[in-house]
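This report refers to the structure that appears directly beneath it.
Along the sequence shown, the residues carry numbers beginning at 1.
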Amino acid sequence: MPTATGDASADGPVPTPRASVPADHVEVNPDVGPRAEPIGSAADADADADADADAVPVRWDPTERRARASQSFWTAVVGVPAIFSVLRLGVEAGGELQTTLLLVANVGTVNLLAGFLTTAARLLSTGLVAVFALGAVLAVSVERLPPGTRRRPLFARWADLTPAWFVLASFLLALLTWPLLYLPLLLPAFVAAFQLRPERLHEWVVPRLLAIAALFAGYGWLMLPTLRDAGAQRELLVLALLVVPPVLALFIAGPLPGVVIRPLASVTEVAVLAMLAWAALPVISTPVLPLTVTTVGAESGPTEDVRGHVVTTDDVNMVILQERGGVRYVPVGLVRAQVLCPSEEELPRHRLRIHDFHVEDSLLEGLGRRVRPVHRIDAACRAPG
């Protein structure tokens, strides 16, 4: 029997022995393709990872959460005015479908938007100011919550997502549209929304106290005549609205105790919604069309005063939505006169002024009365409809 040495000369050289291969090594032949993975390889590791992922509770991505909060905020800002405008037409029509359709057909979108802005701008700015002030206070206080319960309140998320220019625009809208009597409430709201602590006035105590004293002295000079008249007329509510808010502004900024954050967040959200719903009732019931008294009658006969809102006028008829309900078509040839009348809500209730501005007027209304002083109310407006 021939040996290996003897065959080497005939059959060729003996191949070199292969080095030892690790046990977990998988050899791949490029001509054949990768082999199937053995049991206990990466496939099982992926399955175990999926099982572990199912066992861990899914948490919202912060970016997705911010997007959802931003979407809800802008939906409320855009959708609420549109809903209010439609509701106003239905209420002014007395709930009658045909009258509502008549108003929808003749009240243009621009007129409806202008009517909403002039009457509901106060409501819109009040809601925005309340959300931003409360949201800023809750945002700086949420760090005091226990580690496992740091889900930010809704108002805090809205306040974080809103740009500073929009917050300033909301306060500017409130400054122009709120009655002067309620403007002092903007002081603590502004301090809370931007977290303006007294320490930011000056780092030293004495200059800080002098700056605060100067601010209060200027406010006192502005309000002293009104405060004196309010005290003489025993207007306690007016005194509280003019005195308490500036003092409250000194202490409202800063974080709250961790115990009251969660209850306060829930209570304030419900309270703001309830306040807006209560304040929305007068806005919804405010007429979109101006109130007029139209004198109707033949040239040589008796006349009649029709009190209501003119919906439209054409070559044949003048359509009037009567104040006490119903639509009346008056022939244009029978119209003798027409006067514009104020509503009962426009009549003043206080006899107080702040430097020639009535306390129930806004800055826009006060400036407008200086340009066009209030005219005498026509006798036809005082007559019963």
Calculate, to the nearest 0.5 Å, the distance between atoms CG and CG belonging to Leu352 and Asp229 respectively.
6.5 Å
Do Val316 and Pro331 have side-chain heavy atoms sitting under 4.5 Å apart?
no
Atom CG in Leu138, atom CG in Leu134: separation rounded to 0.5 Å?
6.5 Å
Is there a side-chain contact between Leu363 and Leu175 (heavy atoms, below 4.5 Å)?
yes
Throw together a table of side-chain donor-acceptor distances under 3.5 angstrom for residues 231-251, partners on residues two or more places apart or in other chains.
unit_1, atom_1, unit_2, atom_2, d
Gln233, NE2, Arg351, O, 3.4

State which residues pass salt bridge (Lys or Arg N to Asp or Glu O under 4.0 Å) with Asp361; sequence neighbours excluded, sorted by chain then number.
Arg369
Just distance, no hydrogens or angles: give the donor-acceptor pairs under 3.5 Å from side chains in residues 177-189, sequence neighbours left out.
unit_1, atom_1, unit_2, atom_2, d
Thr177, OG1, Leu173, O, 2.6
Trp178, NE1, Ser125, OG, 3.0
Trp178, NE1, Thr126, OG1, 3.3

Say whether, by atom type as modelled, one donor and one acceptor occur between the side chain of His358 and the main chain of His350 under 3.5 angstrom.
yes
When rounded to the nearest 0.5 angstrom, what is the spacing between CZ in Phe357 and OG1 in Thr226?
12.0 Å
Starting at CD1 of Ile252, measure out to CG of Leu196 and round the result to the nearest 0.5 Å.
11.5 Å
Can you name the closest pair of heavy atoms from Ala159 and Gly135 and give their distance?
CB-C, 3.8 Å
To the nearest 0.5 Å, what is the distance between CG on Leu102 and OG1 on Thr100?
9.0 Å
In this structure, would Tyr329 and Val311 fall into the same cluster of hydrophobic residues linked by side-chain contacts under 4.5 Å?
yes
Apply the hydrophobic cluster definition, ILVMFWY joined by side-chain contacts under 4.5 Å directly or through others, and give me every member besides Val335.
Val296, Val306, Val310, Met318, Ile320, Val330, Leu334
Search all heavy atoms of Ala192 against all heavy atoms of Ala133 and return the closest pair with its distance.
CB-O, 3.9 Å
Is the side chain of His309 donor-acceptor paired with the backbone N or O of Pro290 at a distance under 3.5 Å, no angle test?
yes
With a 3.5 Å distance limit and no angle check, can you tell me whether Asn317 reaches the backbone of Val319 through a side-chain donor-acceptor pair?
no
Give a yes or no answer on whether the side chain of Thr268 reaches the backbone of Ala265 with a donor-acceptor pair at less than 3.5 Å.
yes
Under 4.5 Å between any side-chain heavy atoms of Gln338 and Thr295, yes or no?
no
Any donor-acceptor pair under 3.5 Å from Arg336 side chain to Gly297 backbone:
yes
Is the shortest side-chain heavy-atom distance between Val327 and Gln322 below 4.5 Å?
no
Tell me the closest heavy-atom pair linking Val272 and Ala130, and the distance in Å.
CG2-CB, 4.2 Å
Transitive ILVMFWY side-chain link Trp165 to Val131, under 4.5 Å:
yes
Among the clusters formed by ILVMFWY side chains lying less than 4.5 Å apart, do Leu89 and Leu289 turn up in the same one?
yes
Checking the side chain of Thr162 only, and the main-chain atoms of Phe132 only, is there a donor and an acceptor separated by less than 3.5 Å?
no
Set of residues satisfying side-chain contact (heavy atoms from CB on, under 4.5 Å) with respect to Val91, sequence neighbours excluded:
Ile284, Ser285
Leu168, Trp158: one ILVMFWY side-chain cluster at the under-4.5 Å cut-off?
yes
Once rounded to the nearest 0.5 Å, what's the spacing between atom CD of Glu96 and atom CG of Leu321?
9.0 Å
If the condition is ring pair (Phe, Tyr, Trp, His ring centres under 6.0 Å), which residues does Phe190 pass it with, not counting sequence neighbours?
Phe171, Phe194
Single-linkage hydrophobic cluster Val129~Met275, side-chain heavy atoms < 4.5 angstrom:
yes
Residues Arg353 and Glu360 bridged, charged N to O under 4.0 Å:
no
Glu269 side-chain N/O to Ser266 backbone N/O, donor-acceptor pair under 3.5 Å
no
